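Heads up: the structure comes next, in structure tokens.
In this text, all values refer to a predicted model and were calculated from it rather than measured experimentally. A, B, ... follow the sequence lines: proteins, then strands. Residue 1 opens every chain. Excluded from the calculations below are hydrogen atoms, water molecules and symmetry mates; all remaining heavy atoms, backbone and side chain alike, are included.
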Amino acid sequence: MTGHAIPDERKEQHNVSQQGVTPQSEDFSKWYTDVVQKTDLADYSPVRGCMIIKPYGYELWEGVKGGLDRRFKATGHRNAYFPLFIPESFLKKEAEHVEGFSPELAVVTIGGGKQLEEPLVVRPTSETIIGWAFQKWIQSHRDLPLLINQWANVVRWELRTRLFLRTMEFLWQEGHTAHATHEDALEETMRMLGVYADFAINDAAIPVIQGRKSSQERFAGANASFSIEAMMRDRKALQAGTSHDLGQNFAKAFEIQFTDESNELQYCWTTSWGLSTRMVGAIIMTHGDDQGLRLPPRLAPIQVVVVPIFRSDDERGPVVETVERLAGALREAGVRVHVDDRENLSPGFKFNDWEMRGVPLRMEVGPKDVAKNSVALARRDIPGKAGKEFVSQDGLVAAIRERLDAIQANLLQQATEFRDSHLHEVTGGYDDLIRVIKGDEWGLAWFCGAADCEQRVKEDAQAVSRCFPLEQPHPGETGACVICGGEAKEMAYFAKAY
RNA sequence: CGGGGUGUGGCGCAGUUGGCUAGCGCGCUGCGUUUGGGACGCAGAGGUCCCCGGUUCGAGUCCGGGCACCCCGACCA
């Protein structure tokens with residue numbers, strides 16, 4: 001009877017989805033939220049639009065932080081910390097800035113049970129309060145450049161939120177620098193964009209396109225904004241980091257001035273650049289597959305998970321002993337290793353569990369390995385038997401390092417090939433551009449940059465320009481804007497975006 | 001802020017035209033047997049059915065009003 005068949009079918013489906021995650025092809029959004037929650041990266045919070053970052057997710061973020069912080073320091077920046085609360089009047093000093101941010105501000109009006117004389121804005125970004133500080137700190141050209149970074153949380157009152165990708169409160173770093181000349185400031189802007197790209201490509205294994213934002217997509221208060229753009233597995237674009245040339249806009253608003261070599265008073269040129277916990281979302285959506293996460297070894301909280309296997313108490317002793325010895329050696333060598341000694345779970349369950357959590361390499365140690373002085377290694381990036389091999393316990397550290405490097409390289413290669421296969425130079429005019437975008441591909445086309453043109457694409461294809469790539473395919477040439485036909489000096493990518 | 005959907009043990013769900021003690025799977029606890037690709041048996045614990053009000057002898061179920069969350073669109077890292 002059909003009346004019974006339907007519930008039975010449903011039941012089976014539920015059992016499957018309980019074990020794993022919704023396949024990407026079935027529902028990418030569902031896949032994403034499944035993965036984030038089932039792998040214990042993050043959880044929803046009692047406050048709408050906010051998130052709880054769980055230890056595994058925070059450890060991943062710590063990997064991002066570490067990779068960036070090292071690079072910031074290597075390029076001469078120092079960390080500092082500025083207040084969470086900003087006097088409301090500060091925001092209003094830069095006209096475009098306040099206009100851009102006022103719709104999404106959280107404002108504190110009561111403190112200690114009393115109405116505040118001046119409301120305090122919870123920082124959506126810190127250009128203003130850091131500008132105020134820079135004004136105090138900078139007097140002479142000898143104080144420049146001033147290169148500061150802060151790791152902080154910021155709040156933007158978002159209407160539509162998504163774990164890691166857009167939450168009302170998020171973690172990030174914001175770099176703020178002041179320079180004597182525009183040339184120096186622009187150089188800094190580009191240098192830090194390059195740092196982001198270097199981090200994304202080499203640590204996160206995410207191929208990114210560096211480019212300049214159109215005037216419509218520019219940061220509120222900037223002269224020019226640059227970004228790194230990444231393609232997710234659903235082929236949507238994700239802005240994964242931004243760097244801004246702020247000109248003298250904030251310097252003038254906050255009177256950040258210095259005396260130059262000729263004893264003339266000058267306004268500084270400032271920059272700012274930021275990368276947020278959104279990067280975690282980028283990592284998830286760049287590498288993840290139907291099984292769950294696939295984490296790049298450089299950032300993976302656990303690089304190697306060890307699964308001990310034994311049948312009886314007789315086998316147990318030698319296996320545990322071997323596991324402890326090998327894991328100890330790996331730890332000593334700086335490999336992030338975790339031994340899964342949960343006793344109530346079968347090895348098969350553990351294999352699937354750690355694959356879902358994206359651990360790059362699994363090491364199995366069983367009685368046969370003890371006897372043969374071997375271990376089994378299984379790569380997360382190569383499914384099934386093809387990715388499994390037995391290696392000697394001698395020289396294990398080197399063998400594991402080699403494989404982690406290979407996985408890191410393979411993830412980058414797979415992501416690059418995937419992205420490149422969905423980039424298209426548009427040759428068939430405007431209709432072709434719309435067709436490409438609507439087909440969830442990225443279109444590269446001549447674009448004059450006009451707001452009207454961008455608006456038209458938005459209406460026709462629910463997408464905007466992502467950036468004018470720094471690396472232009474036809475340098476030195478010009479073309480006809482794919483939208484209005486007017487003169488265009490550069491080509492831009494267009495794509496649906498997060 | 002518009003459109004759609006969902007609120008029932010930790011998670012996923014069922015619950016008929018209102019009816020008796022609110023069920024099922026997974027997970028959880030205990031004991032035992034298991035363990036090289038998602039183990040099994042037995043015994044347990046766990047629920048203000050999102051909230052408020054109404055109709056009724058009786059509401060998880062019907063009515064009214066709220067709230068929350070998810071998904072899809074306009075703004076944003």
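With hydrogens and angles ignored, no donor-acceptor pair under 3.5 angstrom links the side chain of A:Glu315 to the base of B:rG36.
Using a 4.0 Å heavy-atom criterion, one finds that A:Lys368 contacts the bases of the nucleic acid, with or without backbone contacts as well. Contacts of A:Gly366 with the nucleic acid, taken as non-hydrogen atoms under 4.0 Å apart, include base atoms. Residue contacts for A:Phe390: at a heavy-atom cut-off of 4.0 Å it reaches a base atom on one of the strands shown. If you check every strand for non-hydrogen atoms under 4.0 Å, A:Thr33 touches sugar and phosphate atoms only. If you check every strand for non-hydrogen atoms under 4.0 Å, A:Leu275 touches nothing.
B:rC52 and B:rC75 have their C1' atoms separated by 34 Å, given to the nearest Å. One C1' atom belongs to B:rU17, the other to B:rG3, and the distance between them is 32 Å to the nearest Å. Taking atom C1' in both B:rC24 and B:rG46, the straight-line distance is 15 Å, to the nearest Å. Nucleotides B:rA43 and B:rG10 are separated by 24 Å at their P atoms, to the nearest Å. Across the C1' atoms, B:rG60 and B:rG18 are found 10 Å apart, a figure rounded to whole Å. B:rG19 and B:rU56 have their C1' atoms separated by 12 Å, given to the nearest Å. Between B:rU55 and B:rA74, the distance separating the two C1' atoms is 42 Å to the nearest Å. Taking the P atom of each, B:rC63 and B:rU16 are spaced 14 Å apart, rounded to whole Å.
Between A:Arg316 and A:Glu343, at least one side-chain nitrogen of the basic residue sits less than 4.0 Å from a carboxylate oxygen of the acidic one, meeting the salt-bridge criterion. A salt bridge does not link A:Glu355 with A:Arg357: none of the charged nitrogens is closer than 4.0 Å to a carboxylate oxygen. For A:Arg342 and A:Asp353, the salt-bridge test passes: some basic side-chain N is under 4.0 Å from an acidic carboxylate O. With respect to A:Arg294 and A:Asp381, no salt bridge is recorded, no charged nitrogen being found less than 4.0 Å from a carboxylate O. Using a 4.0 Å cut-off between charged side-chain N and carboxylate O, A:Lys65 and A:Asp69 make no salt bridge.
Atom CZ in A:Arg311 sits about 15 Å away from atom P in B:rA39, given to the nearest Å. Rounded to a whole Å, the CG atom of A:Asn344 is 11 Å from the P atom of B:rA39. The distance from atom CD of A:Gln37 to atom P of B:rG10 is 16 Å, rounded to the nearest whole Å. As a whole-Å value, the separation of A:Gln291 CD from B:rG37 C1' is 10 Å. For A:Lys30 and B:rC69, the NZ to C1' distance is 14 Å, given to the nearest whole Å. Between the OH atom of A:Tyr32 and the C1' atom of B:rC71 there is a distance of 15 Å, rounded to whole Å. Spacing between atom CH2 of A:Trp31 and atom C1' of B:rC70 amounts to 18 Å, rounded to whole angstrom units. Whole-Å rounding puts the A:Asp314 CG to B:rU34 C1' distance at 15 Å.
Each of A:Asp353 and A:Gly49 was matched to the nucleotide of RNA chain B holding its nearest heavy atom; the match closer to the 5' end belongs to A:Asp353.
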Review point. With Watson-Crick and G-U wobble geometry limited to distances under 3.5 Å, how should the secondary structure of RNA chain B be encoded in dot-bracket form, using | for bases paired to another strand and [ ] for crossing pairs?
Key: (((((((..((((.....[...)))).((((((.....)))))).....(((((..]....))))))))))))....
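Side-chain proximity of A:Asn352 to B:rG36, B:rC28, B:rG37: nearest is B:rG37.
Side-chain nitrogen and oxygen atoms of A:Ser346 include at least one within less than 4.0 Å of the OP1 or OP2 phosphate oxygen of B:rA39.
A cation-pi contact, defined as under 6.0 Å to the ring centre and within 45° of the axis, is absent between A:Arg156 and A:Phe170.
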Practice item. Start with the C-alpha gap between A:His338 and A:Trp354, add the side-chain angles, then the distance that decides, and say whether ring-ring contact (aromatic ring centres under 6.0 Å, His included) holds. Key: CA-CA 11 Å; A:His338 172 74; A:Trp354 291 110; 5.3 Å; yes
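Under the 30°/60° scheme for interplanar angles, the aromatic rings of A:Trp273 and A:Tyr196 are found to stand perpendicular.
In this structure, the separation between OG on A:Ser465 and CZ on A:Phe447 is 5.0 Å, given to the nearest 0.5 Å. Here CD of A:Glu94 is found 9.5 Å from CD of A:Glu127. Values are rounded to the nearest 0.5 Å. Rounding to the nearest 0.5 angstrom, the gap separating the OG1 atom in A:Thr39 from the NZ atom in A:Lys54 is 9.0 Å.
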Point to revise | Under 4.0 Å protein heavy-atom contacts per nucleotide of nucleotides 72-77 of chain B, with B for base, S for backbone only and - for none | key: SBBSBB
